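Only one structure is covered here, and it is reproduced in the block below.
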Amino acid sequence: MDRFRISGGTALHGEVTVSGAKNAALPILCASLLSSEPLELLDVPRLRDVGTMRKLLIQMGTRIETLEHQADGQERLRLTSDAMTHLQAPYEMVKTMRASVLVLGPMLARFGEALVSLPGGCAIGQRPVDQHIKGLAAMGAEMRIEHGYIKAQAKRLRGARIVTDMVTVTGTENLMMAAVLAEGTTVIDNAAREPEVVDLANCLIRMGARIEGAGTDRIVIHGVDRLGGAQHTIMADRIEAGTFLCAVAAAGGEVLVRRARSDMMGATLEKLREAGVQLLESEEGIRVTASRRPESVNFRTAPFPGLATDMQAQLMAVSAIAQGTSIITETIFENRFMHVQELRRLGAQIEVDGHTAIVKGVAELSGARVMATDLRASAGLVIAGLVAQGETEIDRIYHLDRGYDRMEQKLSAIGARVTRVTEKTPA
Ligand code: UD1
């Protein structure tokens, strides 16, 4: 199992380029199931979750060719779903990556049936998929849960008006992908407004779908009989961008984060400015300059354009060394403070009261051995390690590899002292 070894205390300088977005790539890979013609994708990031989704699609019968290894480790892929063999997402796949449930909507819409394992709980919370199921049922599908699997059937889905009980990102994406091939018009109210939903909609529109309102809380989809092939470039990863901005906010220095765009970043930039960080946007990206210890900031996570729950751990790491006390409330997931006890091992002063963390900034953290518990928690620990005095070792870095491409190399290129330690398991 790999781990990171970080020698903290150096400021960051130079340039770093953000990869294609994990949370856009995953649904867009599934969109290939909606057509028998090839879908060509550029800027597909090389991540463990993308690898899992590729495996799932291949075992369903999709052919995936790598057309080009692009700069910065990204790939140009061609996916062809013209001869599907297994209309199923098995438990073994869904349990390692909940986003596997994104095959449900497209499979049902194009083939009239789908068998997808229920995801079950995960470390950060229960994360049910009831809204996906309810929405598809409203479109006329027969939805049953049998032996831990969602069994869905429909001759042809019908357009419907769906109001989701809460804002759900993959729920909105699944229903949007189902609706593009349904008969008639579907309206999704209380839709997620995340930029990744917009990127998926843009790809579907290129394939011939008729979608209005993506990026607002009402998406209207006029069903069409078939979709064709298309070419699409995956948007840049706003969470990876935000993570680098936080790294500089905490460690100090000046870095150009290439491909970062303020319109995708929601409230993250506002909070960093409040913390005293300078941000300058240009065509190339966002230049971040941090010349002094950050100020404390209070925030609550919320659906886009509110503060992303996927940025909470990284901003908490910044707050841990800020001047003053920060109050952080997590509203999206019930168990997303697992990084707190690890940050405490580095000397952070954090109290948790239900969904709220009270972070008393300290002048200095001190390196220690800590354990990554989930993807974004790991990113928070890396940021804390960059500022901590001495050496920090982060175990279970495979969590980080799910969503960050070669983070240690990207950080090393801007002056951080981070190495990946690979322990060979004895034969
Ligand atoms: C997506 C992102 C994830 C991010 C999250 C919130 C992907 C692949 N993952 O996850 O990185 O942290 O959005 O921005 O895009 N819920 C239900 N029933 C449902 C669906 C959701 O109760 O049917 C609840 C969840 O438990 C959670 C909240 O709604 O409390 C939001 O979850 P959701 O937006 O669906 O998260 P994901 O789409 O799984």
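In this text the structure is predicted, and so the values were computed from the model without any measurement. Numbering of ligands and ligand atoms starts at 1, following listing order.
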Is any side-chain heavy atom of Ile150 closer than 4.5 Å to a side-chain heavy atom of Ile145?
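Side-chain contact under 4.5 Å: yes.
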State, yes or no, whether a side-chain contact exists between Val288 and Leu12 at a heavy-atom distance under 4.5 Å.
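Sidechains of Leu12 and Val288: no contact.
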Check whether any heavy atom of [X] sits under 4.0 Å from an atom of ligand 1.
{"X": "Gly171", "answer": "no"}
{"X": "Met166", "answer": "yes"}
{"X": "Asp49", "answer": "no"}
{"X": "Glu330", "answer": "no"}

For Glu281 and Ser262, test the side chains for any donor-to-acceptor distance below 3.5 angstrom and give the result as yes or no.
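Present: a donor and an acceptor within the cut-off.
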Looking only at side chains, do His355 and Thr329 share a donor and an acceptor under 3.5 Å apart?
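There is no such pair (donor and acceptor under 3.5 Å, judged by atom type) between the side chains of His355 and Thr329.
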Run down the list [options] and name the one with the heavy atom closest to [atom].
{"atom": "atom 33 (P) of ligand 1", "options": "Val169, Leu200, Ile239", "value": "Val169"}
{"atom": "atom 4 (C) of ligand 1", "options": "Leu375, Thr301, Asp310", "value": "Asp310"}
{"atom": "atom 27 (C) of ligand 1", "options": "Ile332, Thr172, Val197", "value": "Ile332"}

Backbone or side chain, does any N or O of [X] fall under 3.5 Å from an N or O of ligand 1?
{"X": "Glu334", "result": "no"}
{"X": "Glu194", "result": "no"}
{"X": "Thr170", "result": "yes"}
{"X": "Pro128", "result": "yes"}

Find all atoms of ligand 1 within a distance of less than 4.0 Å from any non-hydrogen atom belonging to [X], and give their numbers and elements.
{"X": "Arg336", "value": "12 (O)"}
{"X": "His132", "value": "23 (O)"}
{"X": "Val129", "value": "19 (C), 23 (O)"}
{"X": "Gln131", "value": "18 (N), 19 (C), 23 (O)"}
{"X": "Val167", "value": "31 (C), 34 (O)"}

Table please: side-chain donor-acceptor pairs of residues 314-322 below 3.5 Å, with sequence neighbours left out.
residue : atom : partner : partner atom : Å
Gln314  : NE2  : Thr243  : OG1          : 3.1
Gln314  : NE2  : Asp310  : O            : 2.9
Gln314  : NE2  : Tyr404  : OH           : 3.4
Ser319  : OG   : Leu315  : O            : 2.8

Assess whether a salt bridge exists between [X] and [Y], defined as any Lys/Arg side-chain N lying under 4.0 Å from an Asp/Glu carboxylate O.
{"X": "Asp395", "Y": "Arg369", "result": "yes"}
{"X": "Arg46", "Y": "Glu75", "result": "no"}
{"X": "Glu284", "Y": "Arg258", "result": "yes"}
{"X": "Glu330", "Y": "Arg336", "result": "no"}
{"X": "Glu37", "Y": "Arg226", "result": "yes"}

Relative to ligand 1, is Thr309 under 4.0 angstrom through side chain, backbone, both or neither, heavy atoms considered?
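Contact part for Thr309 vs ligand 1: side chain (C-beta onward).
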Partners meeting salt bridge (charged side-chain N to carboxylate O under 4.0 Å, His left out) with Asp82 (sequence neighbours left out)
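Listed in chain order: Arg63.
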